[in-house]
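Here is how names work: the chains are called A, B, and so on, in the same order as the sequence lines, proteins then strands, and each is numbered from 1.
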Protein chains: 2
Amino acid sequence: MAIDRKQLIIEAATKSFSLFGFKATTMDQVAKIANVGKGTIYTFFKNKEELFDEIISSLISEMKRAADEAMDSTLSFHEKVHRGLYQILEFRLKHQLTIKLFQEEKEMGTPAVMEVMIKLEDAILGYLKEKIIAAIDKGEIQECNPEVTAFIMLKLYVALIFDWEKRNEPLEKEEIAKLFEQYIFKGLSNR
Amino acid sequence: MAIDRKQLIIEAATKSFSLFGFKATTMDQVAKIANVGKGTIYTFFKNKEELFDEIISSLISEMKRAADEAMDSTLSFHEKVHRGLYQILEFRLKHQLTIKLFQEEKEMGTPAVMEVMIKLEDAILGYLKEKIIAAIDKGEIQECNPEVTAFIMLKLYVALIFDWEKRNEPLEKEEIAKLFEQYIFKGLSNR
DNA sequence: AAATGACCAAATTACTCATTTAGTCAATTA
DNA sequence: TAATTGACTAAATGAGTAATTTGGTCATTT
């Protein structure tokens with residue numbers, strides 16, 4: 001069997017998107033890195049966006065896998081959510097592609113990137129929502145709106161991991177878990 | 001006593017900033033609206049940014065006043081925080097100047113505007129922090145890091161009021177209060 | 001049948017130059 | 001004489017445009 005051209009293209013595109021972002025990656029460049037004629041790309045992908053989408057879909061799967069691996073059925077719900085969310089958000093910090101896209105979204109607002117980031121957020125929210133519904137069923141947590149709860153959990157995590165360190169010393173993983181427990185699971189009240 | 005030129009300038013600038021934003025407001029325009037020579041502006045303000053700063057300082061005072069008025073010493077801490085924060089964020093939605101600046105910050109990233117928005121956020125966080133410290137002292141809430149707590153409360157509110165409605169039906173004021181109570185004050189846990 | 005790269009219309013960029021702007025200061029006013 | 005003014009300047013901006021680059025196609029090659 002000859003070399004898998006589709007795979008070469010995907011790898012080349014991933015490398016280039018990671019290095020230069022979506023907008024600054026040209027199809028000529030991808031073709032050159034993949035050692036492939038430009039036309040070949042278009043036999044596998046309708047256009048640049050579809051190539052991008054396929055890469056992001058893989059990324060989402062990878063994230064889900066990482067989150068699942070970080071969990072453990074013996075853990076309490078809140079430990080599970082903490083580890084899963086932390087894993088997902090760590091992903092953003094560690095993987096070149098997500099870093100670059102995150103930056104491109106904020107700094108240039110490239111439409112294709114914005115779209116994909118929404119898809120990514122939806123995937124995380126959907127994943128969280130499932131876990132929350134399961135936890136309610138098992139009686140691990142109180143009745144609550146799973147959609148809003150997933151949303152609040154994600155926002156809280158993003159705030160603690162990304163927003164907080166824009167102006168303060170970064171919080172340790174343990175501190176974040178503790179804060180998450182204190183606010184979402186225990187509550188601040190004295191009553 | 002002759003007309004208060006400084007006040008005229010402040011009023012003219014406020015009007016123009018509200019209508020056109022910081023960048024699109026020219027000093028000539030402010031002078032014309034204020035019926036004042038351009039040079040006069042520079043006898044009261046070192047430059048355009050200082051004029052802007054003075055206006056924002058007033059805005060912050062106004063916000064504080066609005067928040068204080070919305071509170072009532074007979075209310076529980078969480079009702080107080082809810083009403084105060086809600087008032088402050090409503091401010092953003094209702095007042096021309098804040099709407100325009102919020103927009104200018106996101107769409108154009110005008111440096112002077114970015115700076116001032118940080119100042120505004122800091123003012124809100126400082127205000128919240130004070131209330132939290134007082135509540136801890138009075139034993140109304142558990143011990144906690146007032147800085148982080150203020151940060152979390154603000155982020156949660158912004159998420160519920162601004163971010164949520166980007167993709168969903170807006171939440172009612174009462175729903176927001178309920179969610180705030182459920183998550184921050186009561187906690188989700190069953191244990 | 002699969003792969004290619006020259007080709008094209010459309011988009012983007014680099015550049016220029018006329019206009020606008022923040023801030024100054026000599027002249028004017030009260 | 002102290003406050004006010006607006007013509008003035010250097011710097012910044014942005015409209016207009018020419019030149020380049022890009023995504024995508026398709027006739028040709030392998």
Side-chain angles (χ1 to χ4, degrees), chain A residues 1-56 100-101 104-105 107-116, chain B residues 1-56 100-101 104-105 107-116:
Chain A
M1 172 189 104
I3 30 166
D4 183 349
R5 288 189 152 71
K6 186 174 177 183
Q7 199 50 41
L8 283 180
I9 291 164
I10 288 175
E11 276 159 28
T14 302
K15 189 185 278 179
S16 184
F17 287 148
S18 300
L19 237 42
F20 311 110
F22 175 80
K23 208 182 169 195
T25 289
T26 70
M27 294 305 256
D28 278 307
Q29 201 173 33
V30 172
K32 188 166 286 171
I33 297 174
N35 262 99
V36 135
K38 187 161 63 155
T40 307
I41 299 176
Y42 289 88
T43 65
F44 296 112
F45 303 96
K46 214 178 85 225
N47 53 39
K48 190 179 174 184
E49 276 195 47
E50 216 164 74
L51 170 58
F52 188 42
D53 263 3
E54 184 145 332
I55 289 172
I56 294 299
K100 199 76 203 176
L101 293 180
E104 192 172 350
E105 183 194 24
E107 285 172 16
M108 334 183 53
T110 315
V113 175
M114 307 278 287
E115 231 171 74
V116 134
Chain B
M1 173 188 100
I3 29 167
D4 183 350
R5 289 187 151 74
K6 185 173 178 183
Q7 199 50 42
L8 283 179
I9 291 165
I10 289 176
E11 276 159 29
T14 302
K15 191 185 276 178
S16 185
F17 288 146
S18 300
L19 237 42
F20 311 111
F22 176 81
K23 207 181 168 196
T25 288
T26 69
M27 294 304 256
D28 276 309
Q29 202 173 34
V30 173
K32 188 166 288 171
I33 296 175
N35 262 101
V36 136
K38 188 163 56 155
T40 308
I41 300 176
Y42 289 89
T43 63
F44 295 113
F45 304 96
K46 213 178 83 224
N47 53 38
K48 191 180 174 184
E49 277 195 45
E50 215 163 77
L51 169 58
F52 187 42
D53 264 3
E54 183 145 335
I55 289 171
I56 295 299
K100 199 75 203 176
L101 293 180
E104 193 172 349
E105 181 192 25
E107 286 171 16
M108 335 184 53
T110 315
V113 175
M114 308 277 287
E115 230 171 76
V116 135

_Per-nucleotide protein contact string for nucleotides 22-30 of chain C, where B marks a base within reach and S marks sugar-phosphate only (heavy atoms under 4.0 Å, - for neither)_ = BBB------
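Rounded to an integer number of Å, the gap from Lys6(A) NZ to dA2(C) P is 14 Å. When the P atom of dT12(C) is taken as reference, atom CE of Met108(A) falls 11 Å away, rounded to whole Å. Separating the NZ atom of Lys32(B) from the P atom of dT21(C) is a distance of 11 Å, rounded to the nearest angstrom. We find that CD of Gln29(A) is positioned 17 Å from P of dG5(C), with the value rounded to whole Å. If you measure from atom CZ of Phe52(A) to atom P of dG23(D), you get 13 Å, rounded to the nearest angstrom. As a whole-Å value, the separation of Ile9(B) CD1 from dA3(D) C1' is 12 Å.
A search for salt bridge (charged side-chain N to carboxylate O under 4.0 Å, His left out) contacts involving Glu49(A) returns nothing, not counting sequence neighbours. Judged as a salt bridge (charged side-chain N to carboxylate O under 4.0 Å, His left out), and not counting sequence neighbours, Glu11(B) has no contacts. For the salt bridge (charged side-chain N to carboxylate O under 4.0 Å, His left out) test, no residue two or more places apart in sequence or in another chain qualifies with Lys100(B). Judged as a side-chain contact (heavy atoms from CB on, under 4.5 Å), and not counting sequence neighbours, the contacts of Glu54(B) are Lys6(B), Ile10(B), Phe45(B). With sequence neighbours excluded, the residues satisfying side-chain contact (heavy atoms from CB on, under 4.5 Å) with Thr43(B) are Thr40(B).
Contact check, Thr43(A) against dA2(C): no side-chain N or O comes under 4.0 Å of OP1 or OP2. The side chain of Arg5(A) places no N or O atom within less than 4.0 Å of a non-bridging phosphate oxygen (OP1 or OP2) of dA2(C).
The residue from Ile9(A), Ile41(A), Asn47(A) that alone fulfils the side chain to side chain contact (heavy atoms under 4.5 Å, CB included) condition with Met27(A) is Ile41(A).
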